[in-house]
Amino acid sequence: MAIDVATMRDLQYKVAAQVDLTCAFSSLHEIKTVAGADVSCDMFSRIGYAAVVVYSYPSLKRIEEAGVKRELDIPYIPGYLSFREGPLIHECLKKIKARPDVLICDGQGLAHPRRAGLACHIGVSEDLPTVGCAKSRLIGEYHALLDDRGERSELYDKNERIGVVLRSRSRVKPLFISPGHKMDIDFAADLVLSMCKFRLPEPIRAAHNYVNWLRKSDAS
DNA sequence: GCGACAG
DNA sequence: ATCTTGTCGC
């Protein structure tokens with residue numbers, strides 16, 4: 001029997017209470033390694049594949065990676081993604097030899113109804129600086145942005161600033177960036193932009209490719 | 001009640 | 001997220 005929504009919601013309030021929005025770094029120069037995490041699943045199967053790939057910073061060279069195949073505990077429920085993907089990402093992190101300075105997650109961080117998105121949940125439980133980098137919006141309002149790379153718009157929920165909508169590449173759909181843990185909004189956006197050769201930051205692209213490689217090469 | 005809704 | 005190849009545009 002899977003965990004119920006009420007229990008997950010209560011856990012999210014506890015996670016939110018532990019989130020630290022003070023950036024662990026005073027400058028991007030202090031960062032030496034950045035990891036990206038991603039999860040992919042078979043359609044109508046409960047099997048999921050996850051990967052964490054570590055990159056050097058700012059040289060952006062691949063250093064190491066870890067993959068995992070495991071059954072997903074619960075289905076995808078908007079607002080509760082961390083309970084579905086979190087466990088697999090934690091297993092990948094255990095396999096990584098050197099702890100990365102920062103972990104970028106494929107999903108929201110602070111920009112969540114209870115301020116406890118995937119990046120916050122992973123960050124708090126691993127006590128690791130994390131960034132939420134989502135490809136679409138979960139909550140929050142923002143103004144349209146210009147279409148040049150680097151353009152950004154504040155993401156607000158009521159009167160609270162919860163993230164930044166960032167154009168990581170000219171003329172492509174923007175990214176929704178929000179801090180996970182030991183991170184602040186603007187630093188998170190600066191870090192992500194500095195790692196974007198294409199729409200997604202390199203560590204996330206690598207994790208996405210690796211996870212799909214795992215899944216496909218497994219069905220044979 | 002109705003619409004929105006990370007991956 | 002997933003089913004899917006080539007193709008058009010910057």
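All values reported here derive from a predicted model rather than from experimental measurement. Heavy-atom basis, side chains included; hydrogens, waters and symmetry copies ignored. Each chain gets a letter, A, B and so on, in the order its sequence line appears, and its residues count up from 1.
- Put simply, CZ on A/R84 is 19 Å from P on B/dC5, counting in whole angstrom units.
- Neither OP1 nor OP2 of B/dA4 sits under 4.0 Å from any side-chain N or O of A/R137.
- Heavy atoms of A/I139 sit nowhere under 4.0 angstrom from any nucleic acid atom.
- Backbone-only contact: A/E85 has heavy atoms under 4.0 Å from sugar-phosphate atoms and none from a base.
- Remark: C1' of B/dA6 and CE of A/M8 are 14 Å apart, rounded to the nearest angstrom.
- Phosphate contact (OP1/OP2 of B/dA6, side-chain N/O of A/S82, threshold under 4.0 Å): absent.
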> How does DNA chain B look in dot-bracket notation if pairs are Watson-Crick or G-U with both distances under 3.5 Å, crossing ones as [ ], other-strand ones as |?
Replying inline: .......
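- We find that A/D42 and A/K216 are not joined by a salt bridge, their nearest charged nitrogen and carboxylate oxygen being 4.0 Å or further apart.
- The residue A/G79 sits close to a base: some heavy atom pair falls under 4.0 Å.
- Atom-to-atom, CE of A/M43 to C1' of C/dT4 comes out at 11 Å; the value is rounded to the nearest Å.
- Note on A/S136: a side-chain N or O is less than 4.0 Å away from OP1 or OP2 of B/dG7.
- Across B/dA6, B/dA4, C/dC10, the shortest atom-to-atom separation from the side chain of A/L81 is found for B/dA6.
- Among A/E126, A/H121, A/E85, the one residue that satisfies the side chain to side chain donor-acceptor pair (under 3.5 Å) test with A/H90 is A/E126.
- Rounded to whole Å, atom C1' of C/dT2 lies 10 Å from atom NE2 of A/H208.
- When each of A/E64, A/R62, A/K61, A/E65 is checked for a side-chain contact (heavy atoms from CB on, under 4.5 Å) with A/V54, only A/E64 meets the rule.
- No contact: A/F83 has no heavy atom under 4.0 Å from any strand.
- At the heavy-atom level, A/N212 lies under 4.0 Å from the strands shown only through sugar-phosphate atoms.
- Atom NZ in A/K173 sits about 20 Å away from atom P in C/dC10, given to the nearest Å.
- Under 4.0 angstrom from either OP1 or OP2 of C/dT2 there lies at least one side-chain N or O belonging to A/R215.
- Distances from the side chain of A/R171 to the nucleotides C/dC10, C/dT2, B/dC5 place C/dC10 closest.
- For A/Y80 and B/dA6, the OH to P distance is 14 Å, given to the nearest whole Å.
- Between A/S40 and A/R215, the side chains place a donor N or O and an acceptor N or O closer than 3.5 Å (distance only, hydrogens not considered).
- Ion pairing of A/D127 with A/K182 is present here, as a side-chain N (NZ or NE/NH1/NH2) and a carboxylate O approach within less than 4.0 Å.
- With ring centers used as reference points, A/Y210 lies 6.0 Å or more from A/Y49.
- A/D4 and A/T7 form a side-chain donor-acceptor contact under 3.5 Å, judged by distance and modelled atom types alone.
- Side-chain contact between A/F25 and A/L191 is absent, with no heavy atoms from C-beta onward closer than 4.5 Å.
- Computed from coordinates, the A/I47 CD1 to C/dA1 P distance equals 19 Å when rounded to whole Å.
- Set against B/dA6, C/dA1, B/dG7, the side chain of A/D38 has B/dG7 as its closest nucleotide.
- Nearest to the side-chain atoms of A/K135 among the listed nucleotides C/dC10, B/dC5, C/dA1 stands C/dA1.
- Using a 4.0 Å heavy-atom distance criterion, A/D42 is classed as making no nucleic acid contact.
- For the pair A/I162 CD1 and B/dC5 C1', the interatomic distance rounds to 14 Å; values are reported in whole Å.
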